[in-house]
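Proteins come first, then strands; the chains are lettered A, B, ... in the order of their sequence lines, and each starts at number 1.
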Amino acid sequence: MEGGAVTTTNAEPGTPLDDATLVGRARDGDVRAYEQLVLRYQGPMFRLAVKMLHHRGDAEDVVQEVFLGAWRKLEQLSDDQAFVGWLYRSTTNRCLNVIRARRPQADVDLDLAESPRRDARPEHAAQVSSQLAALNEALRDLTPQQRACWLLREVHGRSYDEIGQVVGANPTAVRGRIARARAQLAEVMKPWR
Amino acid sequence: MAVNQDYELPCGRELETVWARLDEVGTGHADEHELTCPHCGTARASLLALREATQELVAEPDPAPPDLVGRIMSAVRAEVRRGQMLDLGTPEAGGVEVSEQAVAVVLRYAADAAGDVRARRVRVRTVGVDDGGASRVEVELTLAVRLGNAHGGDSLARVRELVTAAAAARVGLLMEKLDLLVEDVYEDAE
């Protein structure tokens with residue numbers, strides 16, 4: 001039987017299933033259930049990856065690898081409720097790996113490597129305020145670990161405990177990184193106060 | 001806190017304290033120090049600008065490329081886990097097999113139709129073959145039940161009835177045993 005033909009029809013169409021149910025079904029090999037999870041979480045993961053990497057092409061690659069890797073490793077996930085935390089951890093770690101691999105390159109190369117997709121959305125660029133542009137720029141000057149912690153907290157609303165699990169640090173260390181990031185970002189925002 | 005000592009303002013307050021009290025001060029609950037301290041005032045203005053820009057960042061429309069889901073799912077489908085195959089009885093020459101996954105989908109669909117329950121994992125185990133060549137199977141079905149379902153027993157009985165019927169009528173398997181495991185509850189909003 002082809003994988004694509006493995007379908008699940010919900011008894012109540014339109015009622016979104018909870019994560020644990022979808023993960024349980026996906027673990028059984030139900031591709032349609034997994035597709036629902038991909039649809040639900042690819043946006044936040046892409047958003048995190050773009051802000052971590054400042055490169056849409058690399059972010060797409062990371063997100064694709066994260067979801068394919070999660071599909072392969074679903075058997076290892078002991079708690080179906082932990083799926084989202086697992087995605088955040090995987091996305092963050094892959095982004096940090098990409099950044100580590102980039103290190104030898106000069107920053108200017110990264111600027112040139114920026115995906116043309118951003119340019120293909122001029123209407124969006126026009127809407128971005130100078131304040132937001134400054135913040136985006138300042139994010140690049142944080143260390144990758146600080147950037148990850150700050151984004152997970154302030155943009156994705158994760159708890160200190162969750163972030164600690166994502167980046168492999170205790171909550172106190174996470175709090176410290178976020179505090180340092182916030183101080184640095186606030187400094188950059190001075191002209192807009 | 002030790003981790004924040006690098007960000008102590010000249011007045012002795014830590015930047016984190018200023019951050020934590022932004023709303024407090026904004027709603028007119030500033031303490032004596034906050035009302036007069038220029039250092040705190042300067043830090044507060046920068047942090048407010050940061051908070052405003054962060055809110056813009058959160059609200060910024062930055063969707064993933066529309067073809068990303070398609071690419072992910074193509075890669076996933078290329079790695080579909082087919083699992084074990086089950087023999088189906090047939091009077092004709094040659095065997096017919098169906099994957100456990102496909103059977104699981106049929107059984108989950110039947111269970112969902114009972115209402116107030118959601119089927120999760122399905123385990124199908126072949127325990128023998130009947131005279132007609134059809135597989136005799138034992139099935140374990142894990143379920144989540146709707147919170148507040150006052151007729152849980154009735155729901156499970158209905159699941160049992162529908163799943164057993166679907167196994168026979170839609171897949172041609174003889175259900176020797178059906179274990180229903182309720183492992184979770186869900187709320188209507190989920």
Side-chain angles (χ1 to χ4, degrees), chain A residues 1-12 16-18 20-21 24-25 27-31 34-35 38-39 42-43 45-47 50-51 56 60 63-64 67-68 71-72 80 117 124 128-129 131-132 134-136 154-155 172-173 175-176 179-180 182-183 185-187 189-190 192-193, chain B residues 1-4 6-7 14-16 19 42-50 52-54 56-58 60-65 68-69 71-73 75-83 98-102 104-105 108-109 112-115 118-122 142 144 184 186-188 190:
Chain A
M1 189 168 192
E2 279 299 309
V6 177
T7 57
T8 300
T9 309
N10 300 329
E12 302 164 66
L17 292 175
D18 55 297
T21 296
R25 292 181 181 194
R27 204 207 298 262
D28 268 1
D30 185 335
V31 177
Y34 194 66
E35 187 168 24
V38 175
L39 282 165
Q42 50 109 23
M45 297 308 135
F46 179 74
R47 199 176 171 76
V50 164
K51 295 300 177 200
R56 297 179 72 82
E60 285 176 41
V63 174
Q64 193 165 340
F67 281 101
L68 185 56
W71 168 255
R72 287 173 181 156
D80 291 348
R117 283 167 190 271
H124 172 68
V128 173
S129 73
Q131 196 170 350
L132 178 54
L135 175 57
N136 274 324
E154 302 291 349
V155 179
T172 309
R175 202 177 278 271
R180 281 191 284 279
R182 188 177 290 137
L185 295 174
E187 186 68 24
M189 298 315 292
K190 268 185 182 170
W192 280 268
R193 69 193 180 199
Chain B
M1 254 173 90
V3 290
N4 298 332
D6 290 347
Y7 303 103
E14 285 174 0
L15 193 65
E16 280 301 278
W19 171 259
T42 304
R44 200 160 45 241
S46 294
L47 289 171
L48 282 169
L50 171 61
E52 200 174 297
T54 305
E56 268 192 78
L57 183 69
V58 171
E60 183 188 30
D62 195 6
L68 185 58
V69 173
R71 275 187 283 135
I72 291 168
M73 292 314 297
V76 165
R77 288 197 168 92
E79 296 198 16
V80 163
R81 304 182 299 269
R82 287 188 170 74
V98 61
S99 78
E100 270 189 16
Q101 267 173 41
V105 168
R108 269 199 295 265
Y109 178 60
D112 281 355
R118 287 173 182 173
R120 288 189 175 171
R121 307 189 67 180
V122 181
T142 307
D184 203 358
Y186 67 91
E187 293 187 59
D188 282 334
E190 286 184 31

Do [X] and [Y] touch side chain to side chain, with heavy atoms closer than 4.5 Å?
| X | Y | value |
| --- | --- | --- |
| B:Asp62 | A:Arg56 | yes |
| A:Glu154 | B:Leu50 | no |
| A:Thr21 | B:Tyr186 | no |

How many angstroms lie between atom [atom1] of [X] and atom [atom2] of [Y], to the nearest 0.5 angstrom?
| X | Y | atom1 | atom2 | result |
| --- | --- | --- | --- | --- |
| B:Arg120 | A:Arg25 | CZ | CZ | 9.0 Å |
| A:Arg180 | B:Leu15 | CZ | CG | 13.0 Å |
| B:Thr142 | A:Asp28 | OG1 | CG | 8.0 Å |
| A:Lys190 | B:Thr42 | NZ | OG1 | 7.0 Å |
| A:Leu68 | B:Met73 | CG | CE | 10.0 Å |
| A:Leu135 | B:Glu56 | CG | CD | 9.0 Å |

Closest approach of [X] and [Y], non-hydrogen atoms and distance?
| X | Y | result |
| --- | --- | --- |
| A:Met189 | B:Ala53 | CE-CB, 3.7 Å |
| B:Ser46 | A:Ala186 | CB-O, 3.4 Å |
| A:Phe46 | B:Ala64 | CD2-CA, 3.4 Å |

- Task: May I ask you to decide whether B:Glu16 forms a salt bridge with A:Arg175, counting only side-chain N to carboxylate O separations under 4.0 Å?
- Result: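 Looking at A:Arg175 together with B:Glu16, the answer is no, because their closest N to O distance does not fall below 4.0 Å.
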- Task: Side chain from CB out, backbone as N, CA, C, O: work out which of these in B:Leu57 comes under 4.5 Å of a heavy atom of chain A, or both, or neither.
- Result: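 The answer is both parts of B:Leu57.
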- Task: Let me know if B:Ala119 has heavy atoms under 4.5 Å from chain A in its side chain, its backbone, both or neither.
- Result: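 Interface part for B:Ala119: both.
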- Results of salt bridge (Lys or Arg N to Asp or Glu O under 4.0 Å) for B:Glu52 - residues two or more places apart only: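 By the salt bridge (Lys or Arg N to Asp or Glu O under 4.0 Å) rule, B:Glu52 matches no residue at all.
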- Query: Is chain B contacted by the side chain of A:Arg182, its backbone, both, or neither, given a heavy-atom distance below 4.5 Å?
  - Reply: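 Contact with chain B involves both backbone and side-chain atoms of A:Arg182.
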- Mind checking side chain to side chain donor-acceptor pair (under 3.5 Å) for A:Gln42 and listing every partner two or more places apart, or none if nothing turns up?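 Here no residue qualifies.
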